[in-house]
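I have placed the structure first, in the form of structure tokens, so that the comments after it can refer back to it.
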Amino acid sequence: IRFPGPDVVECYEIIATSIRRNHALKELAWCSNLIPSDEQADLLIESIIDNRSIKFIRLLNCFKQSDANGCRAMASLLTCGRPFNLLNFSGNGLSGIDDVAA
């Protein structure tokens, strides 16, 4: 799925709201759909954190070569205090991975 440029903010708001409210959702896979900015990444990550039913998260190849900071997104999930069974950030080329460890 590709989101249209001018409507991308509205699309992410709708998606984030859907993720936040769908408490039947146990797994979230976001694969090869580039997140265009930190603002959209924040919407997505905050909705995942807010939905305590989600235990398996796959954010694959969605930060590489985009303007969103994948290390920051990963750090938000790792430090939110929520337990996850799986957190997979494969294929994102997180070169600033030291930022996450800090």
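Below, each value reflects all heavy atoms present in this structure, side chains not excepted, and no hydrogens, waters or symmetry copies.
Taking all atoms of both residues into account, the shortest heavy-atom contact from Arg82 to Ile49 is NH1-O, 3.1 Å. Of all heavy-atom pairs between Pro36 and Tyr12, the closest is CD-OH, 3.4 Å.
Contact annotation: the side chain of Asn51 approaches that of His23 to within less than 4.5 Å [non-hydrogen atoms, C-beta and beyond].
Without hydrogens or angle criteria, Asn92 side chain to Phe63 main chain gives a donor-acceptor distance under 3.5 Å.
How far OG of Ser47 is from CG of Leu25: 9.0 Å, rounded to the nearest 0.5 Å. Between atom CG of residue Leu34 and atom OG of residue Ser37 there is a gap of 12.0 Å, rounded to the nearest 0.5 Å. Rounded to the nearest 0.5 Å, atoms CD (Glu46) and CZ (Arg20) are 7.0 Å apart. Annotation: the span from Ile19 atom CD1 to Ile45 atom CD1 amounts to 9.0 Å, rounded to 0.5 Å. Expressed to the nearest 0.5 Å, how far CH2 of Trp30 lies from CD1 of Ile15 amounts to 4.0 Å. Considering CG of Asp50 and SG of Cys80, their distance stands at 9.5 Å, rounded to 0.5 Å.
Partners of Asn61 by side chain to side chain contact (heavy atoms under 4.5 Å, CB included), not counting sequence neighbours, listed by chain and number: Ser32, Lys64. Listed by chain and residue number, Ile48, Ile54, Leu59, Leu77, Phe84, Leu87 satisfy the side chain to side chain contact (heavy atoms under 4.5 Å, CB included) test with Ile57 (two or more places apart in sequence, or in another chain). In this structure Asp38 satisfies the side chain to side chain contact (heavy atoms under 4.5 Å, CB included) test together with Ala68, Asn69, Arg72, sequence neighbours excluded.
Ile14 and Leu43 are not part of a single hydrophobic cluster, where members link through side-chain heavy atoms under 4.5 Å apart. In terms of hydrophobic clustering, with Ile, Leu, Val, Met, Phe, Trp and Tyr side chains grouped at heavy-atom distances under 4.5 Å, Phe56 and Leu44 are assigned to different clusters.
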| task | Output, in order, the C-alpha distance, side-chain angles, deciding distance and verdict of side-chain contact (heavy atoms from CB on, under 4.5 Å) for Ile35 and Cys62. | result | CA-CA 6 Å; Ile35 298 171; Cys62 56; 4.0 Å; yes
